[in-house]
Structure formats: structure tokens, C-alpha cells
Amino acid sequence: ALLLPTVRGGACPSSCRCEPLPGARGLHVDCSSRQLRALPALPRHTRSLDLHNNSLSRVPAGFLDSLASLERVDMAGNPWHCDCHVLYLKLWLQDFSAPSLGSVRCASPAPVRMKPLAELTGNELGACKRLLPVRCLEFFWRDLILIAGAIITLLLVAWALKFSKKLVCQLNLSRYGPRGRLLRRHPPKNH
């Protein structure tokens, strides 16, 4: 089987050995040293996953995302091909387990052979930039519009405050006569 999606239930892959963890805390799935070339469909309740010493070269994007119960993973000893497709695995391991990321090494291509996946830089994945779903120009225009809106709003508030102070001063001055005395308002005389 090629790259199969994760199984929704609890079936153990035939190429692995599954053992329940104490206290019904999920499964330990041992797929180590089985010459696997592709990831098998994994049980949803996998808590511990051993994939070391196989022939795995890549992980399909999104494959490990459904393993919400996963707490430990070992992927060392596989011939990882560190091209654009390894980016998913690198980012997933950065979020999930830094120690596991440190133990994964690239086997190919030649410029990154034996380099830890954790040390792989964006320059070494230069061709991947066009594959990333980030659209910087769209973010730039959105941010520029938000900043311009904030500046315009602040200017309007400052203008409104200045205008209101001027209006208050004019109202206060209109209550005083030309000599600075408070003018008393007399009710109009009706004759």
C-alpha cells in the first residue's frame, strides 16, 4: 500500500505491532525495523509511535495531523529525502517534538546528506518558496490598509478634539462681554 490516510478506528497495521498502554491511555505502535518504504495507516489512538530504522524517505503533508493523542515519536534511522516535501515533517516535528526533530537526518540530496533536519535552512530549500502557501504581497496590502485606516481614524479623533476645544472656548467667550464681565441674560420683556 502506498501512502494511506490514517485509520479512523483502532486497527493495527499488519506491518506493525500494537500494544495497549497501561490505564487505557491509547496504543504504543511499533513499526521499527520493518523496511517500510511508506507510512502505514495508523490507529487514531496512537500515543507512542516508533518508525525508526526503516526506509522512509517522506511523509505526506497532513498525514500525522489526525494523531491527536500522539505523545512520543521516533523517526530516526530513515533515509529522509530533504527536498520541498520534507518541509511538512520539519514543521510538524518542530511543533510536536524538538528532540525527535534533532534525531532525524537527511540522506539526500547530496548537498544536505547527513545534515540534521532541524538545521536545514530555507536557502537549502530555495526551490520550495513557490510551494509555500504564504502570499506575502496580500498580507502587505492588507496590513497597509489597516495601518492607513488607523492613521486616518487617529487624525479624525485629533481634529474632533481640537474642534470641540475651540467650540467650548467660543461658548465660554460668548458669555462674557467685551470688557471680560459675565453678561447676565435678562428674560425678554413682554409689554
Are any non-hydrogen side-chain atoms of R25 and H45 less than 4.5 angstrom apart? no
Can you list everything that forms a salt bridge (Lys or Arg N to Asp or Glu O under 4.0 Å) with R113? Sequence neighbours excluded, please. none
Residue pairs involving residues 18-62 (criterion disulfide bond (SG atoms under 2.5 Å apart); sequence neighbours excluded): C12-C18, C16-C31
Any donor-acceptor N/O pair, S100 side chain to V73 backbone, under 3.5 Å: yes
Under a 3.5 Å distance rule, please check whether D83 uses its side chain to pair with a backbone N or O of H85 as donor and acceptor. yes
Side chain D50, main chain S32, donor-acceptor under 3.5 Å: no
Specify the closest pair of heavy atoms between R37 and L56, including all atoms of both residues, with the distance to one decimal. C-CD2, 3.8 Å
What's the shortest heavy-atom distance between R34 and N54, and which atoms? N-OD1, 2.9 Å
Heavy-atom side-chain proximity of Q94 to L91 below 4.5 angstrom: yes
First locate atom SG of C84, then atom CZ of R58, and finally report the distance between them rounded to the nearest 0.5 Å. 9.5 Å
Knowing that exactly one of N78, D74, L117, V86 qualifies, which makes a side chain to side chain contact (heavy atoms under 4.5 Å, CB included) with V104? L117
Taking the side chain as everything from C-beta on, heavy atoms only, tell me whether P79 gets closer than 4.5 Å to C106. no
From the options V29, T46, L42, select the one residue that forms a side chain to side chain contact (heavy atoms under 4.5 Å, CB included) with L70. T46
Could you grab the distance from atom CG of L39 to atom CG of L49, nearest 0.5 Å is fine? 8.0 Å
Has Y88 got a side-chain atom pairing as donor or acceptor with L64's backbone, closer than 3.5 angstrom? yes
Separation between CD (E119) and SG (C82), nearest 0.5 Å, reads 11.5 Å
Indicate yes or no for a side-chain donor-acceptor contact from D95 to the backbone of W92 under 3.5 Å, with no hydrogens or angles considered. no
So I151 and L154, do their side chains get closer than 4.5 Å, heavy atoms only? no
So does L120 get a backbone contact from the side chain of K90, meaning a donor-acceptor N/O pair under 3.5 Å? yes
Would you compute the distance between atom OG of S48 and atom CZ of R72 and round it to the nearest 0.5 angstrom? 3.5 Å
Do you know the tightest heavy-atom contact between P40 and S15? CB-OG, 3.9 Å
Find out if a path of hydrophobic residues (ILVMFWY) with successive side-chain heavy-atom gaps under 4.5 Å connects F96 to W80. yes
Using modelled atom types only, decide if a donor and an acceptor are shared between the side chain of S97 and the backbone of L93 within a distance under 3.5 Å. no
Only counting residues at least two apart or in another chain, list the ones meeting salt bridge (Lys or Arg N to Asp or Glu O under 4.0 Å) with D30. R17
If only atom types and distance count, is the side chain of R47 paired as donor or acceptor with the main-chain N or O of L27 below 3.5 Å? no
Considering non-hydrogen atoms only, spot the tightest contact between H81 and S108 and give its length. ND1-OG, 2.6 Å
